[in-house]
2 protein chains.
Amino acid sequence: MRYPPGHRAETRARLVREGGALAKREGFARSGVDDLARVAGMTSGAFYRHFAGKDELLAAIVEAELATTRARFAAIETNEQLLFALDAYLSMTHVRNPEIGCVLPTLAAEVGRGSAETRGAFERALAEVTDVLAEKIGDRAVASAVLTQCVGAVMIARGLESEAARRAVLASARKSARALLLAGNLA
Amino acid sequence: MRYPPGHRAETRARLVREGGALAKREGFARSGVDDLARVAGMTSGAFYRHFAGKDELLAAIVEAELATTRARFAAIETNEQLLFALDAYLSMTHVRNPEIGCVLPTLAAEVGRGSAETRGAFERALAEVTDVLAEKIGDRAVASAVLTQCVGAVMIARGLESEAARRAVLASARKSARALLLAGNLA
DNA sequence: GTCTATACATTGATAGAC
DNA sequence: GTCTATCAATGTATAGAC
């Protein structure tokens, strides 16, 4: 059977995209190769034509996800938009929907247990995200701190049971992140 | 065979303690019941005399670990000690040794994917930790924000490959956490 | 390029001996 | 209370047909 040109790249991209969504929701360690392949519309046999193993997929997921995050930050032009993005990150909608949210609160801990190659890919991609954010904020240290603050808050909020407790954690983080931004070069 | 009184409780405690250390290092999902039992010096058969399943152990680990964290914070008496604890949390030693470190950066994401019971136990235990910290800092929102800031920074740092990048993330978080403390009621 | 089929290890969990 | 032995199910990964 013949396939149109670019089909291979497209299939790989689907594995990364859909597999990434599954991993963000269920956890990477808990997602089997069969599952990761199935959500992308194929079987595990086809999976291994694209990746040598699960580890390689994790690196690809992290790279693709952080590229998306970077693009989202790059689109920010005004301080108003920056504060809006902050609120969206620290929202109940984000907490409730990990599969369409940021990769950091869900998979960063698993990257830490991954291969050196995966951590290298993570480091490069995160540096770009931080750079873009630093450009908008005016201070790289503040950008990094705001990022880790938001990531920690969303992850902790997801571990909580009651809506009230989740909202409290998000509100505290929002207040603190805003204070950090004001203390930085941001007007 | 007969066992001295309290043997059962002691065995269970060992399962929670040693199993917790393993889960913090390797991840809970990646740790099998056989492994969790083995590091506590027993087999999986014995494991099920103490817990109905893996989920129950996770709840017990989270409770015990956060009780330890709470006790550590409770021992803080001066502002100097508070800043010292902050530096210790945001240290390379902590980043490099998850098995003897805080449970939050390693297992919070997995708690979020756990049962409602596990999340309930997590919420109660974390509330106590936050309360104790709020008492020392003077503001509960600041206490929560500092906590999530530190947790996020340590988790992200562990995902990075180079020592330089890790140090940069920790330094940014340290600076921001100190600023938050100064802006709060802390002298 | 993707499939089916399968190898082989490990998973969570149970039963029964001691 | 803990052990050994074992289960069915699922894990990662490979081989070969189409």
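Any value given below was found using the heavy atoms of this structure, including those in side chains, with hydrogens, waters and symmetry copies removed. In what follows, chains are A, B, ... by sequence order, proteins preceding strands, each numbered from 1.
Closest to the side chain of B:Tyr48, from the set C:dT4, D:dT4, C:dG12, is C:dG12. For B:Ala46, counting side-chain heavy atoms from C-beta on, the closest listed nucleotide (C:dG12, D:dT2, C:dT4) is D:dT2. The side chain of A:Lys54 lies closest to D:dT12, out of D:dT12, D:dT4, C:dC3. In this structure, of D:dT12, C:dC3, D:dC3, it is D:dC3 that holds the atom nearest to the side chain of B:Met42. Taking every side-chain heavy atom of A:His50 into account, C:dT2 is the closest of C:dT11, C:dT2, C:dG12. Side chain of B:Arg8, nearest nucleotide from C:dC3, D:dG11, D:dG1: D:dG1.
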What does the list of N/O pairs under 3.5 Å between the protein and nucleotides 15-17 of chain D look like, with a distance for each?
none

Please list each protein N or O that sits under 3.5 Å from an N or O in nucleotides 6-9 of chain C, with the distance.
none

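Rounding to whole angstrom units, CD of residue A:Glu56 and P of D:dT12 are separated by 15 Å. Distance CZ (B:Arg30) to C1' (C:dG12): 18 Å, rounded to an integer number of Å. The interatomic distance linking B:Leu57 (CG) with C:dA13 (C1') rounds to 15 Å, in whole Å. One can place CG of B:Asp34 at 12 Å from C1' of D:dA5, the figure rounded to the nearest angstrom. Atom CG of B:Asp35 is separated from atom P of D:dG11 by 17 Å (rounded to the nearest Å). Distance B:Arg38 CZ to C:dT10 P: 11 Å, rounded to the nearest Å. Going from atom CZ of A:Arg12 over to atom P of C:dT2 covers 13 Å, rounded to whole Å. Following rounding to the nearest Å, B:Leu36 (CG) and C:dG12 (P) show an atom-to-atom distance of 8 Å.
Neither OP1 nor OP2 of C:dG1 sits under 4.0 Å from any side-chain N or O of A:Thr11. Look at A:Thr43 and you won't find any side-chain N or O under 4.0 angstrom from OP1 or OP2 of C:dT2.
Side-chain polar atoms of A:Gln149 and A:Ser176 form a donor-acceptor pair below 3.5 angstrom. Judged purely by distance below 3.5 Å, without hydrogens or angles, the side chains of B:Glu123 and A:Ser162 pair a donor atom with an acceptor atom.
By the neighbour-count criterion of 12 heavy atoms within 6.0 Å, atom NZ of A:Lys175 is sparsely surrounded, having that number or fewer from other residues, nucleotides or ligands.
Remark: B:Lys136 fails to qualify as a cation-pi partner of B:Phe73 under the 6.0 Å distance and 45° angle criteria applied to the six-membered ring.
Between B:Leu15 and B:Phe51, the closest heavy-atom pair is CD2-CE1, 3.9 Å. A:Ala157 approaches A:Val95 most closely through the heavy-atom pair CB-CG2, 4.0 Å.
Applying the salt bridge (Lys or Arg N to Asp or Glu O under 4.0 Å) rule to A:Glu163 yields the partners A:Arg96, A:Arg167; only residues at least two apart in sequence or on another chain are considered.
Distance alone, capped at 3.5 Å, is enough to place a donor-acceptor pair between the A:Arg166 side chain and the A:Leu160 backbone. Although no hydrogens or angles enter the test, the distance criterion places no donor-acceptor pair under 3.5 Å between the side chain of B:His94 and the main chain of B:Gly101. Of the possible donor and acceptor atoms, none in the side chain of B:Arg174 sits under 3.5 Å from a partner among the backbone N and O of B:Leu86.
Using a 4.0 Å heavy-atom cutoff across all strands shown, A:Asp55 reaches no nucleic acid atom at all.
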